[in-house]
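Counting starts at 1 for both ligands and their atoms, following the listed order. Each residue takes its place number in the sequence, starting with 1.
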Amino acid sequence: MQTLQLKTNPTCPDTEVCERAGALLRKGKLVAIPTETVYGLAANALDEAAVHSIFVAKGRPQDNPLIVHLPSPDWLPHYTPKIPEAAQKLVDAFWPGPLTIVLEKGGKIASAVSAGLPTVGFRCPSHPVASAIIQAAGIPLAAPSANRSGRPSPTEAAHVLLDLDGQIDAIVDAGPCSVGVESTVVSLHHGIPHILRPGGITPDQLRGVLGAVEVDPAVLQGLAKDAKAASPGMKYKHYAPKANVTIIKGSLDTFIQYVRSQPQNETYALCFEGEQQKIGLPCVTYGTANDPASQARELFGALRTLDKKGAQTVFARSPSEDEMGLAVYNRLLRAAGFSVIS
Ligand code: AMP
Ligand code: MG
């Protein structure tokens, strides 16, 4: 299959491009679309066969659910039977934006979307091109990140093509994504609202609207292979480059001391801007030390750069674990297969 490549300005969506993408999606085709978080691999969420083809193209496990993307909040009542008060508050505060809310599944949504769960994650992206494409398609779009399963999520069109060129019908390129990590996933089915996946909306932002919010323990610990996941996406090793990654917690000096004591074999430091000279090893940077938003924006691209350079062993500087840093740490932890040295 030839992947059609379309380009548009990110802030002022090209109507013809969005119409073309929308028409392909209505026909059951797969189109990679830009969102403010990462590029998504979209298909008609109401079409069982189209949704199935997402899993095939990505090599995604069948029990890992997809998020349903809507162009505006007023579509939500058509696809879930019940909007609890807390969900409405979240919609009012954070949509459009990088927040996914897990709600009861309505009958029209294809069953493959929820991977057998009675719930569906809904999100309304704030990226003007994503909204314009969904609007043009006239249907809700099921979309996970547009990478091969297990690989770092794509924050540029080139990342999508590296993984999926020839396997998907089209891609709409609108340049780099502004948030760089996926949406925050919140479930309201646990009593106290639970963060199943940290992301572009921080725990404190959610607390500001809902009061108490809990971060699911699996966010920092991962799950045992046979454990039952509230969100099946929590189960798998994820976001991983080809190299072995180890996170080193502590100061820059501790990091340097440790890394220099290790045998060097295509070894790279994954560090923050401005630290390269002091480290004195080959380095790839992801953002600056005290700016988790910049780390979020650059982490996935940095993981792919390490692959391109042929890194075999990677020692990573640790981000902070609070607020936006929690989302960054959660991704890095999975990229490292939970290998951490304190
Ligand atoms: P991706 O954007 O590729 O990470 O895929 C979407 C992710 O959203 C999944 O891996 C899950 O973590 C989460 N998700 C989607 N639907 C649900 C749901 N019904 N319940 C819990 N988590 C969900
Ligand atoms: Mg993903």
Side-chain angles (χ1 to χ4, degrees), residues 30 32-43 45 51 54-70 76 79-82 87 98-106 109-125 127 130 140-155 159-160 163-164 168 177 179-190 193-201 214-216 218-219 222-223 227-240 296 299-300 303-304 327 330-331 334-335:
L30 289 184
I33 64 168
T35 83
E36 73 278 24
T37 58
V38 302
Y39 275 75
L41 182 57
V51 173
I54 293 177
F55 287 87
V56 175
K58 287 194 54 147
R60 184 177 175 97
Q62 298 278 339
D63 65 346
N64 197 358
L66 311 178
I67 291 168
V68 171
H69 295 70
L70 308 174
L76 186 57
Y79 300 105
T80 181
K82 203 165 79 210
L99 179 71
T100 296
I101 309 169
V102 175
L103 295 170
E104 262 179 64
K105 179 178 172 301
I109 303 282
S111 67
V113 168
S114 56
L117 295 171
T119 55
V120 174
F122 291 96
R123 170 164 123 77
C124 176
H127 197 300
L141 300 180
S145 51
N147 51 279
R148 282 286 302 172
S149 187
R151 300 271 301 136
S153 301
T155 51
H159 301 161
V160 178
D163 281 15
L164 298 173
I168 60 177
C177 301
V179 177
V181 293
E182 299 85 345
S183 59
T184 302
V185 179
V186 174
S187 167
L188 305 169
H189 293 90
H190 291 75
H194 252 60
I195 297 177
L196 300 181
R197 175 176 76 182
I201 298 290
E214 273 177 16
V215 177
D216 198 282
V219 164
L223 284 167
K228 186 146 176 49
S231 170
M234 297 162 137
K235 264 200 266 192
Y236 310 100
K237 181 170 175 179
H238 226 112
Y239 318 118
L299 176 64
F300 287 136
L303 294 173
R304 284 177 180 269
N330 169 270
R331 304 310 187 274
R334 279 155 182 78

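In this structure a side-chain-to-backbone donor-acceptor pair under 3.5 Å is present from Arg331 to Ala327. A donor-acceptor distance shorter than 3.5 angstrom exists from the side chain of Asp163 to the backbone of Arg148, with no hydrogens or angles considered. Remark: the backbone N or O of Val219 is paired with a side-chain donor or acceptor of Asn330 at under 3.5 angstrom.
If you look at Asn64 next to ligand 1, the close heavy atoms, those under 4.0 Å, all belong to the side chain. Of the heavy atoms in Leu117, only side-chain atoms (C-beta onward) come closer than 4.0 Å to ligand 1. The part of Arg60 lying near ligand 1 is the side chain, judged by heavy-atom distances below 4.0 Å. Counting heavy atoms under 4.0 Å from ligand 1, residue Leu196 touches it through the side chain alone.
The shell of residues lying under 4.0 angstrom from ligand 1, judged by heavy atoms, excludes Lys105.
Looking at Ser183 and Thr37, their side chains never bring a donor and an acceptor atom within 3.5 Å of each other. For the residue pair Glu182 / Ser153, a side-chain donor-acceptor distance below 3.5 Å is found, with atom types taken as modelled.
Heavy-atom proximity to Ile67, at under 4.0 Å, picks out these atoms of ligand 1: 6 (C), 8 (O), 15 (C). Numbered from 1 in the order shown, with element, the atoms of ligand 1 that lie under 4.0 Å from a heavy atom of Thr119 read 18 (C), 19 (N), 20 (N). Below 4.0 Å from some heavy atom of Val120 lie the following atoms of ligand 1, by number and element: 19 (N). Close approach of ligand 1 to Gly121 is summarised as follows: ligand atoms under 4.0 Å from at least one heavy atom of the residue are 16 (N), 19 (N).
By the 3.5 Å distance cut-off applied to N or O atoms, Arg197 is counted among the residues near ligand 1.
Residue contact annotation: Ser145 places an N/O/S atom under 2.8 Å from the Mg ion (ligand 2).
Summarising the geometry, atom CZ belonging to Arg151 is positioned 5.0 Å from atom CZ belonging to Arg304; distances are rounded to the nearest 0.5 Å.
Here the side chains of Ile33 and His69 are not in contact, with every heavy-atom distance at 4.5 Å or above.
Of the candidates Thr35, Thr100, Thr184, Arg123 forms a side chain to side chain donor-acceptor pair (under 3.5 Å) with just one, namely Thr35.
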